[in-house]
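Numbers for residues simply follow the sequence, beginning at 1.
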Amino acid sequence: SSPPNPATVVENAPTGNRTFVITPERFIQVFGPGGGSLYKWCDQEDDTNWTEDDVASKAGEQPIEPAAPLVAAVYDGTESLFWTTKAAYKSVFQGLPYIFGTFQIGEGTVPISAQSVRKTAIGAVWPAESGFWYYNGSALTAIQCDVWPWIEETIDWDAARQLAAAVDMVS
């Protein structure tokens with residue numbers, strides 16, 4: 001078999017992004033472009049058109065308040081969820097004229113790492129310094145964990161931020 005095609009830079013796309021998601025409405029959302037505290041999306045089905053001032057384009061951007069570095073983003077099956085070092089948010093497709101709306105869903109639930117968030121049958125699930133959490137599309141809820149006190153006593157948080165990852169197990 002031949003090697004896969006190498007990844008290439010998308011023409012006109014923002015650079016220096018923390019992460020991205022692709023929505024079912026066929027938009028690419030990039031989070032933290034240039035290290036900033038906002039997210040952008042391209043025109044629908046046109047990954048090279050990121051121009052907001054073109055009246056024919058649905059490209060746009062939203063600031064994230066309060067301004068804070070982006071940690072992670074995931075599409076959970078109904079909306080894009082993303083986290084800064086301060087809070088959790090969802091980006092919801094609204095259609096014209098706004099395209100996406102941003103709503104804060106919680107504070108103090110920042111994932112340990114960008115790779116520690118997973119979509120599951122009950123919603124998005126992740127570990128944070130405050131325990132395990134899930135978001136089911138309407139409520140942010142703590143998950144009871146009987147071993148959490150032991151985890152808090154023994155975990156190396158710096159190492160966890162570098163190494164923590166959730167794994168999807170398929171049987």
Side-chain angles (χ1 to χ4, degrees), residues 4 6-10 13-42 47 50 59-93 99-143 145 147-148 151-152 154-170:
T8 58
V9 175
V10 174
T15 59
N17 307 303
R18 174 75 174 142
T19 189
F20 73 96
V21 299
I22 300 172
T23 71
E25 298 84 19
R26 299 172 310 280
F27 289 93
I28 299 172
Q29 295 177 318
V30 295
F31 295 85
S37 187
L38 59 101
Y39 70 102
K40 294 184 171 197
W41 57 91
C42 64
D47 64 357
W50 296 81
E61 69 178 46
Q62 286 279 343
I64 301 167
E65 297 296 336
L70 270 290
V71 174
V74 66
Y75 190 79
D76 77 346
T78 57
E79 55 212 1
S80 298
L81 302 178
F82 60 96
W83 294 262
T84 68
T85 56
K86 299 204 181 276
Y89 301 87
K90 65 181 178 178
S91 170
V92 179
F93 179 72
I99 310 303
F100 290 99
T102 306
F103 305 93
Q104 185 173 332
I105 58 174
E107 293 180 354
T109 63
V110 180
I112 291 174
S113 75
Q115 295 301 315
S116 65
V117 181
R118 281 298 173 261
K119 175 185 160 191
T120 71
I122 64 168
V125 177
W126 65 95
E129 286 191 30
S130 57
F132 289 97
W133 294 88
Y134 77 94
Y135 180 73
N136 66 5
S138 62
L140 188 62
T141 306
I143 298 173
C145 178
V147 297
W148 190 254
I151 292 171
E152 284 185 306
T154 60
I155 195 167
D156 176 343
W157 290 110
D158 292 329
R161 281 185 199 84
Q162 304 242 350
L163 303 171
V167 178
D168 295 323
M169 301 296 288
V170 179

Just to verify, what does [X] make a ring-ring contact (aromatic ring centres under 6.0 Å, His included) with, not counting sequence neighbours?
X: Trp157; answer: none
X: Tyr135; answer: none
X: Trp83; answer: Trp126

For [X], give me all partners under side-chain contact (heavy atoms from CB on, under 4.5 Å), at least two apart in sequence or on another chain.
X: Pro127; answer: Ile112, Ser116, Phe132
X: Val9; answer: none
X: Ala142; answer: Trp133

With a 6.0 Å cut-off on ring centres, are Phe27 and Phe100 close enough? yes

Residue pairs, two or more places apart or on separate chains, that pass salt bridge (charged side-chain N to carboxylate O under 4.0 Å, His left out) and touch residues 60-71: Lys40-Glu61

If a pair satisfies salt bridge (charged side-chain N to carboxylate O under 4.0 Å, His left out) and one of its residues is in residues 14-32, list it, with sequence neighbours excluded.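 Residue pairs passing salt bridge (charged side-chain N to carboxylate O under 4.0 Å, His left out), neighbours aside: Arg26-Glu45.
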
Under the side-chain hydrogen bond (donor to acceptor under 3.5 Å, both in side chains) test, residues paired with [X] that sit two or more places apart:
X: Asp76; result: Thr78
X: Asp47; result: none
X: Thr141; result: none
X: Thr120; result: none

Using distance alone, with no hydrogens and no angle criterion, decide if Gln62 and Ser91 have a side-chain donor and acceptor under 3.5 Å apart.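 Side-chain D/A pair, Gln62 to Ser91: absent.
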
